[in-house]
Engineer: 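The following block contains the structure, expressed as structure tokens.
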Amino acid sequence: MDSEPASPPRTPPPAAEQEPAPSVLELRIHGIANTPPHGTLGLRREEVTQTGGDGLGSFWVPTPAAEERGRSLPPGDVHAIRAGVRREAYSWGAMARLGGLPFGGVLGFVGTVAVRLLWAAMVPFGLVNAAYWARRIPDPDPAAHRRTPPAGRPGPGPSLRPEATAALTRVFSLGLTLLFVSAVATVALSVIGTRCIGLATPGPDSVVPVCARIPSALYGLARLDVGDRLALLSLAPVLLVAILVAVAHSGQVRFESKFSVMRAGRTVAPSGPALHRAGFWSQRSGSGLLWAHLGAALALTGQYLTWTRYADAGLPAPWLPVAALVVLLGAGLFVALRTDDDGVQAVTPRWKARAGLAVFAAGLLVWLLACAACLAGPQPETMPALIGLDLVPALLGVGLGGIAATGLAWRTARGTRGVAAWSAVPVVATACVGVVLVTEPGLGLRYLLVAVALLAVLSPVVVVLAAVVLRRRATEGWNGAGPGVFLLVSVAAATVYSSLLVLGVQWVLRYGERATTPQPLGDGLVGIDRTVPDPDLVRVPPVYTEFGTTSVVIALVFLVLLVVAAAGPYVIDTLRSRTLWIPGAPRTLGPPYGPAAPAWRAVAEAPDPDGGANPVLERVLRGRQVAAMSHRVELAAGALAAACYVAALFAHIPLLAQHDGTGIVRVPSWLSSLAVPALGVLAATLVLSALAGASGGVPGRPWGLLWDLMCFLPRSAHPFGPPSYAERVVPEVRSRVDAWLTGADIADDAERARVAPTRRVVLSAHSMGGVLAAAVILIRAGNPVTDTAPDAADGRLGLLTYGVQLRPFFGRFFPDLLGPTATGEPPCTGPAWSADPWGGQVRAAAAAAAAAAEGSGPGAAPAAPLTPEGPEPGSGEQVTLMSLLTCGAKPAWVNLWRRTDFLGFPVLGYGVNEVDRGAEEMDRSAYLFAVATHSGYPASWAYHEALDEVLARLTPAGQSGAQPAVTQRGEPG
């Protein structure tokens, strides 16, 4: 379709007739697609200029020539700029991408791919942070945030107490770190250190058997004693942890501005929802969590070095494994008792920060002593068996699976004691499997212990099924099982990554080149025997084979459930004799004139597809059906979590209970043979995704949608997780809003006092930008600039969103962050298993509207309430996003959505209401006809109408009572 013709640029008026300075700031915030600034403003690259910020976050405006051309266009044009409006774009996408690392330029493409793979490895850590914020967030205790001690009590005020689910999440995070350390230690210490490099044969012509594919750079290890070799190889897991920390913290985003409240360091008593609390986006409290993870990783590495089966392994200090265990338990206790980070500025006791450093120091000491013991010990007569590498990863897998299972019931359980009682599940399951692996009991006792472990992990399902049947938490994601879903997917990803590393190295070392004749070097030197070992020689702990088998079970179960839960209705629809009718968004606005008008009328005037051939409607309808399939993402994620749960129950625990080839179950040969090919496909997928991201012109990130959604949340559970870009975006955008409303750009005090009260701001946010904009409005109200600042709900800040996921995704997955109590939106149930997942809600809204129409008249209830009942703004009680935007009869918030958008939804419901508006489902700016999906909202006719509506709902500008400059247009007939 042709775009609307642009009018020729007009001659600028004389200085005396020029338009007054803009009083409205239209600040556009892009979404997860990382639209560049010129695309956000609808201009060419050379037609925008940067006005502030840096390479991570920046503000952009049209050049003077482009702005003048935009102001000369008629109202409703795609590129028109209203009189009195300053249009800006805020770019934040680089924050969610890769950070810089030292020598990144030297490493080049290979280094970029390696770093990108490491970021992909951080996905399990990011999912743990998501689980932390999906749990029930307790109300803040004002007494925990005093700077001065309460009356009659010496010392500082009380600090926050750790909460049970937060403690379990942080213990789970520590287990993930130890599982990754175990995988690297297995490759370095077991596969290479004791399997593929053997003991030297006695005699003057001594040789050492070495795997054929061992890199020649490692030949020097063969000439070392076993203890020296293991001490040197123990650097591998230590370096892995250091690299993970470097990569995670290379992407940190810092923001400091003279307008930022966060820099002032003020302590404000927390109130309201979590995003309303003053400390939510400030620097996370303390670094003790990071030190505890580092200390535990070092202690576990030292334990692997010294926990051996043979007495002549060269260990003069047999107490070191016990000391390492004490450090590990201390790290677990520390992370469990760490002050919760629920968006408050808490007074953290000094002992907690010092305890984190103490754990690190103790772990470092254990590792150094273990290395010294290995270096000082004699050469053993037989190769030592590193027992810890066989047992610890298995116990970690069971414990992590048990904690993840309890997460399914965290939001359903009532009271702190009820939640704390679920901690018995991972303890019982891990203890049962530990007894089986260590004591090797008889078959009868083994059956009993495995059955107890399975029942313990299975017990939370009873609570979940009860919630589903009784529909007690139908308005929460996965019926309140959100934390467990995130944790189950996290542990599954971690086990798959671990088995991918270990089994991949094993496969490479098993099938190498043909054997070569050993060449003894004589004179007491060690020659290299590059022989191909028997497949049993390159042995890995059985747990990784079981992890690989589990990954096959997860893939098979997930594919079945995905077809049933997500793709099934779509497949059924394709077999229907009649095309499924999915209605468009109510109150959809479209262009009444111009080249796009005929296509708009072809869709708007067709009540159903039975009215004859309509190619435009058929394409739009097919777009609605495809979007409806993607709207079942909650069902797909639930299917993945269920697959992980099934694999843990019926594959993971029974397989771990085996020992020396005897156990409860036997792995079918066809299933075990699929493990390596399945992991190979996964490895290829990871590498290809890294290559695809590294080849782009802009900094990439793995699996863009998941990455950007995950990086929104603060890094409060796992210190190795990806950084939160919102920790900079929210205060930075808030700072720009405050600067505009206070007239900080005006030098003259008198002029500033005159102009500032007339200024208004409209946050125009797309997709993920809508969530960021909501956080800006909430934190502005919870943390005012000064004690004398006007109320944040003063009617000068409006919101225009489009293509957002506030209600069905964020509001359901994180109920205490962005649920109805925080946003003021009505609760939302999940997608239904049908071709139109929202068909039931559409019909319910239509029935409510019909009932309201029949009872229309004085006192009739509206078809869809704007917000649940709650306190009035400014009352000092619970506030919501809706209440902060409502200072008149209607909220200064308009949301655009379309049924062809695979990621866009209404914020109040599928009926007619005062906030949601439909946008036309064809791209008005395209030359040829194209169905609009998730992008292109600012170019729609509905966008310009919606901007006028938001401006009209803002409070009058200044004492004169003049409304903001808008161009009113009626809806097309």
Side-chain angles (χ1 to χ4, degrees), residues 1-4 76 78 567 569-632 802-803 831-832 834-843 845-846 849-850 895-906 909-912 916-946 970-973:
M1 295 178 57
D2 295 327
S3 59
E4 296 185 17
V78 172
Y570 183 76
V571 173
I572 294 174
D573 177 60
T574 59
L575 303 177
R576 292 164 57 100
S577 59
R578 181 179 181 272
T579 303
L580 175 68
W581 173 254
I582 298 179
R587 298 187 67 177
T588 299
L589 304 175
Y593 59 87
W600 154 243
R601 285 194 293 268
V603 177
E605 296 175 359
D608 55 59
D610 294 334
N614 189 335
V616 175
L617 179 61
E618 290 178 359
R619 290 186 59 180
V620 170
L621 187 59
R622 180 55 57 182
R624 294 176 185 173
Q625 295 168 351
V626 173
M629 182 177 66
S630 65
H631 288 179
R632 291 188 285 272
Y802 35 95
S834 60
D836 182 6
W838 312 109
Q841 299 187 33
V842 172
R843 291 186 292 271
N895 175 70
L896 300 178
W897 67 291
R898 50 171 74 105
R899 291 305 297 266
T900 54
D901 188 345
F902 51 85
L903 276 178
F905 303 88
Y910 286 86
V912 176
D916 294 308
R917 302 287 183 273
E920 59 265 36
E921 296 165 303
M922 66 286 300
D923 189 351
R924 190 162 67 104
S925 62
Y927 175 70
L928 300 175
F929 175 80
V931 176
T933 56
H934 190 53
S935 59
Y937 280 96
S940 66
W941 181 272
Y943 179 89
H944 298 277
E945 292 277 4
E971 296 184 13

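Since the structure is predicted, the reported quantities are computational estimates derived from the model, not experimental observations. The first residue in the sequence is number 1, and the count goes up from there.
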Engineer: Within the structure provided, determine whether H631 and F905 are in side-chain contact (heavy-atom separation under 4.5 Å).
Structural biologist: yes
Engineer: Evaluate D901 against Y802 for side-chain contact (heavy atoms from CB on, under 4.5 Å), listing each step before the verdict.
Structural biologist: CA-CA 10 Å; D901 188 345; Y802 35 95; over 6 Å; no
Engineer: Supply the atom-to-atom distance H934 NE2 to W897 CH2, rounded to the nearest 0.5 angstrom.
Structural biologist: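 If we round to the nearest 0.5 Å, H934:NE2 and W897:CH2 are 14.5 Å apart.
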Engineer: Minimum heavy-atom separation for Y937 to S940, with atom names?
Structural biologist: O-OG, 2.6 Å
Engineer: Determine yes or no for a side-chain-to-main-chain donor-acceptor pair under 3.5 angstrom, with R898 supplying the side chain and T933 the backbone.
Structural biologist: yes
Engineer: How far does CZ of R622 sit from OG1 of T900, to the nearest 0.5 angstrom?
Structural biologist: 13.5 Å
Engineer: Hey, what do you get for CG (L617) to CZ (R624), rounding to the nearest 0.5 Å?
Structural biologist: 6.5 Å
Engineer: Checking D916 side chain against P586 main chain: does a donor-acceptor pair fall under 3.5 Å?
Structural biologist: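 Checking the backbone N and O of P586 against the side chain of D916, no donor-acceptor pair under 3.5 Å is found.
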Engineer: Looking at CG of L589 and NE2 of H944, how far apart are the two atoms once the value is rounded to the nearest 0.5 Å?
Structural biologist: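 Output value for this atom pair is 12.0 Å.
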Engineer: What closest approach, in Å, do G909 and P906 show between heavy atoms, and which atom pair accounts for it?
Structural biologist: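 Looks like O-CB, 3.3 Å.
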Engineer: Do you know which two heavy atoms are closest between R619 and F929, and how far apart they sit?
Structural biologist: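 For R619 and F929, the tightest heavy-atom pair comes out as NH1-CD2, 3.2 Å.
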Engineer: Any donor-acceptor pair under 3.5 Å linking the side chain of R899 with the backbone of A585?
Structural biologist: no
Engineer: State, with a plain yes or no, whether a side-chain heavy atom of W581 is found less than 4.5 Å away from one of L621.
Structural biologist: yes
Engineer: Could you tell me whether a side-chain N or O of E920 sits under 3.5 Å from a main-chain N or O of W941, the two making a donor and an acceptor?
Structural biologist: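 Pair found, side chain donor or acceptor close to backbone of W941.
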